[in-house]
*Asks:* 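Take a look at this one; I'll ask things after.
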Amino acid sequence: MNDLAGKHLVLGLTGGIAAYKSAELARRLQDRGATVQVVMTESATRFITAVTMQALTGRPVFTDQWDARQPNNMAHIDLSREADAIVVVPASTDFLAKLANGLCDDLLTTMCIARDCPLLVAPAMNLQMWSHPATRRNVARLVDDGVVVLGPASGDQACGEVGSGRMLEPHEILDDVIAFFQPKRLAGRRLLITAGPTREPVDPVRSITNHSSGKMGYAIARAAHEAGADVMLVSGPVSLATPRGVVRIDVETARQMHDVVMREATRADCFVAVAAVADWHVLNAADHKLKKTTTVEAGDGHAVPGLELRFEANPDILAAVAALPSPPYCVGFAAETEDLHGNAESKLARKKAQMIVGNLATEAFGRDDNALTLYTAAGRTVLERADKLVLARQLVAAIADRLPSTESR
Ligand code: CTP
């Protein structure tokens, strides 16, 4: 996907063992459509060569503030003026300290001070260096100065110690850079989202579920976070990674999903019910594994091998949230196999939701793309077939357009 099409990034490297991950990041940024100009400090060249970065980006690397290649000999100005952002990966303790204090004794720091574009930094250092009071002060000052700090993460460090200060992985930095460029149309808003299937037990080793992959709900959670929202995702069992920055609560059954959602819904500005919730649970679920010798009564009164399940309706989570005294803006999904328009319109009225997002289950479940129709009291909007993340961003923009202001709740 070309999330970064048209974006030109300066990728700054400072001295740290995590510099080897910048090679992968340079590649991934370009896969998403960005052009990348690398600037390295002298220390960075001790960890990874300029040749590697040049080969990966197709552009000569700048390492020296006295580099005379720019016609006006002002690489520190020219390189940043062309950039949509400077992203420093890894950002060493020394680099952060210099930046926080306005020092500029090499090309990268001079360029950062001289820039007129956003600056993102991904710190990478030993846990003692990260927790040192000087680093804490420097990072706080950088945040105050408007620098975006990505991570760091916690975990195994190159020095053998374990703790905070480890650089984010290239794919996480990539997601954060993509998110940075998305318009913040939901800043300060809270979104509660359900996703995936639910699983209703038959016995301790068997259950009834459906084919929902969770991909659409997860894409919406990601898009909402990118748009600046505070996002809580209540998820049925899926094998998907939690989008960065999203709080996820795992549930199995529809009743568990209902309980979590009802606890959280009063604090949400918007509830997006994407989960394919089971309509029923098994009333006579067994608390031990059912054997295949289990019998049921045949028509003639004899016991024959078989299994009889009785079902009871699950609570309708979307309808319950929409019926709260002061409900959030409610968005439901209608996954239909026939009469999409009729079913979606009737769900809009029946569930008292403000929006129903209609799609054909046969063309959506498990796939990476989808096509959506948004139904509101004002009419229909068609979102043409596209990747689920592209659609999710369009849906989030449509929700942002319609979301009442916080004061009106
Ligand atoms: N939904 C819900 N709780 C349920 C069932 C559905 O919150 N117990 C939500 C879904 O997350 C979705 C919307 O309601 O946003 C519509 O779900 P769907 O399964 O299509 O509709 P049903 O209510 O099951 O109606 P029908 O069986 O007529 O299709």
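As the structure is a computational prediction, the values presented were derived from the model and not from experiment. Remember, it's 1-based here, ligands and their atoms both numbered in the order they're listed.
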*Asks:* Identify whether NZ of Lys or CZ of Arg in Arg136 sits under 6.0 Å from the centre of the six-membered ring of Trp130 and within 45° of that ring's axis.
*Replies:*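 Geometry flag: set, cation within 6.0 Å and 45°.
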*Asks:* Please tell me if the side chains of Arg393 and Gln182 come closer than 4.5 Å, counting only heavy atoms from C-beta onward.
*Replies:*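 With C-beta onward as the side chain, the pair touches.
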*Asks:* Looking only at non-hydrogen atoms, which of Met257, Lys351, Lys347 approaches atom 23 (O) of ligand 1 most closely?
*Replies:*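 Considering heavy atoms of Met257, Lys351, Lys347, the nearest to atom 23 (O) of ligand 1 sits in Lys351.
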*Asks:* Could you grab the distance from atom NE2 of His8 to atom CD1 of Ile86, nearest 0.5 Å is fine?
*Replies:*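 Reported value, rounded in 0.5 Å steps: 10.0 Å.
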*Asks:* Is there side-chain contact between Asn126 and Gln157, with heavy atoms separated by less than 4.5 Å?
*Replies:*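 The answer is yes, as the side chains (C-beta and beyond) meet within the 4.5 Å cut-off.
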*Asks:* Do Arg263 side-chain atoms and His258 backbone N/O form a donor-acceptor pair below 3.5 Å?
*Replies:*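 It does not hold such a pair.
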*Asks:* Using a heavy-atom cut-off of under 4.0 Å, does the side chain or the backbone of Arg350 touch ligand 1, or both, or neither?
*Replies:*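 Under 4.0 Å from ligand 1, Arg350 contributes side-chain atoms alone.
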*Asks:* Would you confirm whether any non-hydrogen atom of the protein falls under 4.0 Å from atom 14 (O) of ligand 1?
*Replies:*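 Given the 4.0 Å cut-off, atom 14 (O) of ligand 1 counts as touching protein heavy atoms.
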*Asks:* Closest by any non-hydrogen atom to atom 5 (C) of ligand 1: pick that one out of Leu318, Thr198, Val357, Val277.
*Replies:*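 Closest candidate by heavy-atom distance is Val277.
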*Asks:* Taking side chain as C-beta onward, heavy atoms only, is Thr253 less than 4.5 Å from Arg199?
*Replies:*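 No, their side chains stay 4.5 Å or more apart.
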*Asks:* Among protein heavy atoms, which sits nearest to atom 16 (C) of ligand 1, and what does the distance come to when rounded to 0.1 Å?
*Replies:*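 Answer, as residue, atom name and distance: Phe333 O, 2.8 Å.
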*Asks:* Which option, Thr194, Ile317, Ile356, owns the non-hydrogen atom nearest atom 2 (C) of ligand 1?
*Replies:*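 Among Thr194, Ile317, Ile356, the closest heavy atom to atom 2 (C) of ligand 1 belongs to Ile317.
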*Asks:* Answer with yes or no whether the side chains of Gln65 and Asp106 bring together a donor and an acceptor at under 3.5 Å.
*Replies:*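 No, no side-chain donor-acceptor pair sits under 3.5 Å.
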*Asks:* Can you tell me which residue and heavy atom of the protein come closest to atom 27 (O) of ligand 1, and the distance to 0.1 Å?
*Replies:*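 That would be Asp279 OD2, 3.7 Å.
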*Asks:* Report the nearest protein non-hydrogen atom to atom 10 (C) of ligand 1: residue, atom name, distance rounded to 0.1 Å.
*Replies:*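 Looking only at protein heavy atoms, the one closest to atom 10 (C) of ligand 1 is Ala275 O, 3.4 Å.
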*Asks:* Where on Pro315 is there a heavy atom closer than 4.0 Å to ligand 1, on the side chain, on the backbone, on both, or on neither?
*Replies:*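 Backbone only.
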*Asks:* Can you tell if the side chain of Cys270 reaches within under 4.5 Å of the side chain of Ile399, non-hydrogen atoms only?
*Replies:*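 Yes, side chains in contact.
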*Asks:* Give the numbers and elements of all ligand 1 atoms closer than 4.0 Å to a heavy atom of Gly332.
*Replies:*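 So the answer, numbered in order with elements, is 15 (O).
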*Asks:* Using a 4.0 Å cutoff against the non-hydrogen atoms of Ala273, which atoms of ligand 1 qualify?
*Replies:*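 Within the 4.0 Å cut-off of Ala273, ligand 1 contributes 11 (O), 12 (C), 15 (O).
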